[in-house]
4 protein chains.
Amino acid sequence: MSSTKRTLKWERRPEARPQELLDAALRVFATRGYRNTRLEEVAAEAGVTKGALYHYFENKEELLLRAIQHYQARAFGRMEEAMRGERGPASARLRRMVESAFSGNDDARRDVLLLLNGLAHAVPEVYREWLATGPMKAWRLIAAIIEDGKKSGEFRADADSEVAARLLVSGLVTQLVWQYHAGDVPGIRIGHRRLIQSAIDLCLAGLQPAAST
Amino acid sequence: MSSTKRTLKWERRPEARPQELLDAALRVFATRGYRNTRLEEVAAEAGVTKGALYHYFENKEELLLRAIQHYQARAFGRMEEAMRGERGPASARLRRMVESAFSGNDDARRDVLLLLNGLAHAVPEVYREWLATGPMKAWRLIAAIIEDGKKSGEFRADADSEVAARLLVSGLVTQLVWQYHAGDVPGIRIGHRRLIQSAIDLCLAGLQPAAST
Amino acid sequence: MSSTKRTLKWERRPEARPQELLDAALRVFATRGYRNTRLEEVAAEAGVTKGALYHYFENKEELLLRAIQHYQARAFGRMEEAMRGERGPASARLRRMVESAFSGNDDARRDVLLLLNGLAHAVPEVYREWLATGPMKAWRLIAAIIEDGKKSGEFRADADSEVAARLLVSGLVTQLVWQYHAGDVPGIRIGHRRLIQSAIDLCLAGLQPAAST
Amino acid sequence: MSSTKRTLKWERRPEARPQELLDAALRVFATRGYRNTRLEEVAAEAGVTKGALYHYFENKEELLLRAIQHYQARAFGRMEEAMRGERGPASARLRRMVESAFSGNDDARRDVLLLLNGLAHAVPEVYREWLATGPMKAWRLIAAIIEDGKKSGEFRADADSEVAARLLVSGLVTQLVWQYHAGDVPGIRIGHRRLIQSAIDLCLAGLQPAAST
DNA sequence: AATGAATGAGGCTTCATTCAT
DNA sequence: CATGAATGAAGCCTCATTCAT
């Protein structure tokens, strides 16, 4: 009797339920911010009710953490795939790397970045984990490429690869967030493509071996 | 004895009270985040009680807004003073500008930046005003300097001054925030001076006229 | 034992919960006044806690509005039923109408009237809606009966039916409130039945066609 | 020195200060309601500051009480003066009495009545005192006149003078309040003069000795 | 597993009242 | 007397979390 009921429900809801919840959660969190989001909203977005969330997650914080991990995994998966087997000159690899890292110019992407930026006080652990597995990982990869270029003579030996990589990553991430989410501040917008390309160009130009001599 | 206690309270009631409240508020907001801060904490930090805040400010949000404006005014005051009468070559002016903008390497500075970064969802108006009067203003000044340099032949004519300025400002702001507040993520720290100088160097190198010819 | 306690709580959770809350709310509001009533008291009266109220009502004001509407609906329901199919002479209909309108001589009735009288400044919208759906509706019905009587020659043709109806309704409503709630002012009490009957008698006498000629 | 300052202030503020405060208080209380009124508003209306009120009155409640007593004294003063030496037939005296009691058709009058109506829960003592010294006093005077008329044969011997007087007073008071303060409820307005006159007419007609015989 | 009513701690805001000046 | 900054109790409302069904 009760099993009949249950089965009916389950027909339209396979075991992917947790994933669906995570997706819904990230969507709402990213749109409205962590503190602004009521669990009820997440539930509604996922088509369930509040209580259901507690079957899968301890509490709001864990839901956020898992949602972000889920997102990061996919994002980095894409980037790693794009970099697979890259072998050319350092400048080309750097360009490709940055391009693939910032290719996804969708709203969701920027919403997530804004969300994460606001997490430092609300959920410091999540903030730190994101930094470690996101931006830092990215700039280390880039720094390594620059180091390669320095060794091969393609780049100036005295270049500060660490700072260059950091500037590129933090600058671009932040520009994406700012220009998009403060969209109606006059003059803040700039073309996505231009931003990425000019930034890479500037960086590569700055890494060139000294002009004279 | 009891008169001593009483006197203590009344000794600290100068005409500068609003300023004191703003300072205290910014201190607490920056340390704990806007949402995490109870007005009672702000009051305690200022040595008054909750209700006193409402003599000077409509509500929590206005308190935040005013505290930030107060802070911004001082910060930009310092920068403008530093830039007063600067006339040298563009590269020198750019360097001085960035140095003065990021000179304040104190904790308070970075706490405030982190606070602001988390305001997008909590208090969008404040977030936007900050962007418009802070970072944007800064990168516009820098972009203007670069344009000067392009006109005088000091910089490459095809350089994207807009993007260079943005990258420098957003990159440095974000690095300050990240490296400091995620301080125990291993490997995220970098010397403040090195960060600033290397960033400027990279940027200036990237703006040099083409090497060959 | 502990299970008993628990059960007690859960036994009273029928689908009629909103109604229960409305009843409890009206009871407390009417007893203590709108401003004097803490939502916690309403909740306690209903056997729930503060928060539960917010499942059903937006805020204190809506709770009041709904409680009053709920009450008015019942009150007018009773009156309409009493008037169903009345066809006799105007004087009889008027008498029956007023009697049925003021039959409920219970405390609750008078408490509610007092409550409503104090709402003009606190919640003007509710006050106005009550006026429009309560007293005004009542005196319009009465005025219509008097007009009937005038047409049939039962009442003086020059009688001011509008004012008569208003005087009757407002006078009686107010007397109920005053005499009851200022009960210990010496000499303010008067028998309910006598008040109603004498008022009707006076009114009907005043509506009689002129004596002489 | 300090006496100089004091004198300056006193030049424009004679000893009538308490009266001014009472007037200002009644004005604000009547306009906004007792609970809605902040002492600061009263002070502003009187051109002083909050603290000053506490030099003359214990607290908010006493301020209200005194303001109302002050008002009542004047109102009844006027009425008694109007009734001085009235000697004609009962019907004429009744008419004159009611007319003089309700002559003041000003806004202030109605505001005060509304204020008082809402005081039952907020400040029961004031409410009761008002009832005793206002409406009750009025209807007793009127009942006495009617009794005179009964004795002289001008009115029906079986008339209920008590109820007639009450109905007249409460009905008119309430109509003034309702029609004015619910002014935008369509159809609630009626001419002041017509209301008073028709009410008196109806009452007198109802008091006539029986028509036939 | 899912529901959703209920809980209750937490925080913002109001304002009568006090009191040093 | 007058000021007005400061107090602090009170009350509304929110929402993460629980739990009987």
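So that the names make sense, note that chain A is the first sequence line, chain B the second, and so on, each numbered from 1. Only this structure's heavy atoms are used, side chains among them; waters, hydrogens and symmetry mates stay out. All of these numbers come straight from a predicted model, not from anything done at the bench.
Mapping B:Glu58 and C:Gly51 onto DNA chain E by nearest heavy atom places C:Gly51 at the nucleotide closer to the 5' end. Between A:Leu53 and D:Asn59, it is A:Leu53 whose nearest contact on DNA chain E lies nearer the 5' terminus.
The side chain of D:Ala52 has F:dA2 as its nearest neighbour among F:dA5, F:dA2, E:dT3. Proximity note for B:Tyr56 (side chain, C-beta onward) versus E:dT7, F:dC1, F:dA5: the nearest is F:dA5. Each of F:dT17, F:dA6, E:dA16 was ranked by its minimum atom distance to the side chain of D:Tyr54; first place goes to E:dA16. For B:Lys60, taking side-chain heavy atoms from C-beta onward, the closest of the listed nucleotides F:dG8, E:dT13, E:dT17 is E:dT13.
Residue-level contact check: D:Lys50 touches the bases, meaning some heavy atom is under 4.0 Å from a base atom.
Only one option out of A:Leu113, A:Leu119, A:Asn117 pairs with A:Leu115 in a side chain to side chain contact (heavy atoms under 4.5 Å, CB included); it is A:Leu119.
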B:Tyr127 and B:His121: CA distance, side-chain angles, deciding distance, side-chain contact (heavy atoms from CB on, under 4.5 Å) verdict: CA-CA 8 Å; B:Tyr127 184 71; B:His121 289 116; over 6 Å; no

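Straight-line distance from the CD atom of D:Glu62 to the P atom of E:dA16: 15 Å, rounded to whole Å. F:dC1 atom P lies 12 Å from atom CZ of D:Phe57, rounded to whole Å. Between A:Leu64 atom CG and F:dA16 atom C1' the separation is 14 Å, expressed in whole Å. Summarising the geometry, the separation between CG on A:Leu63 and C1' on F:dA16 is reported as 12 Å, rounded to the nearest angstrom.
Contact check for C:Glu125 versus C:Arg128: no side-chain heavy atoms found under the 4.5 Å cut-off. Annotation: side chain of D:Phe57 is not in contact with side chain of D:Leu64 (no heavy-atom distance under 4.5 Å).
A distance-only check finds a donor-acceptor pair linking the side chain of D:Lys60 to the backbone of D:Thr37 [under 3.5 Å].
Counting heavy-atom neighbours within 6.0 Å of D:Glu58 CD, excluding the residue itself, gives a total of 12 or less.
Judged by distance alone with a 3.5 Å cut-off, no donor-acceptor contact links the side chain of A:His55 to the base of E:dA1.
Here A:Lys50 contributes atom NZ and A:Arg38 contributes atom CZ; the two are 9.0 Å apart, rounded to the nearest 0.5 Å.
Helical stems involving DNA chain F, defined as 3 or more consecutive Watson-Crick or G-U pairs under 3.5 Å, span E:2-21 with F:2-21.
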Acceptor/donor pairs from residues 23-31 of chain C side chains to any protein atom, 3.5 angstrom cut, sequence neighbours excluded:
unit_1, atom_1, unit_2, atom_2, d
C:Arg27, NH1, C:Glu45, OE2, 2.5
C:Thr31, OG1, C:Arg27, O, 2.6

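When all heavy atoms are compared, the tightest approach of A:Leu21 to A:Ala46 is CD2-CB, 3.6 Å.
Non-hydrogen atoms lying under 4.0 Å from DNA chain E are contributed by B:Thr37, B:Arg38, B:Leu39, all within residues 33-40 of chain B.
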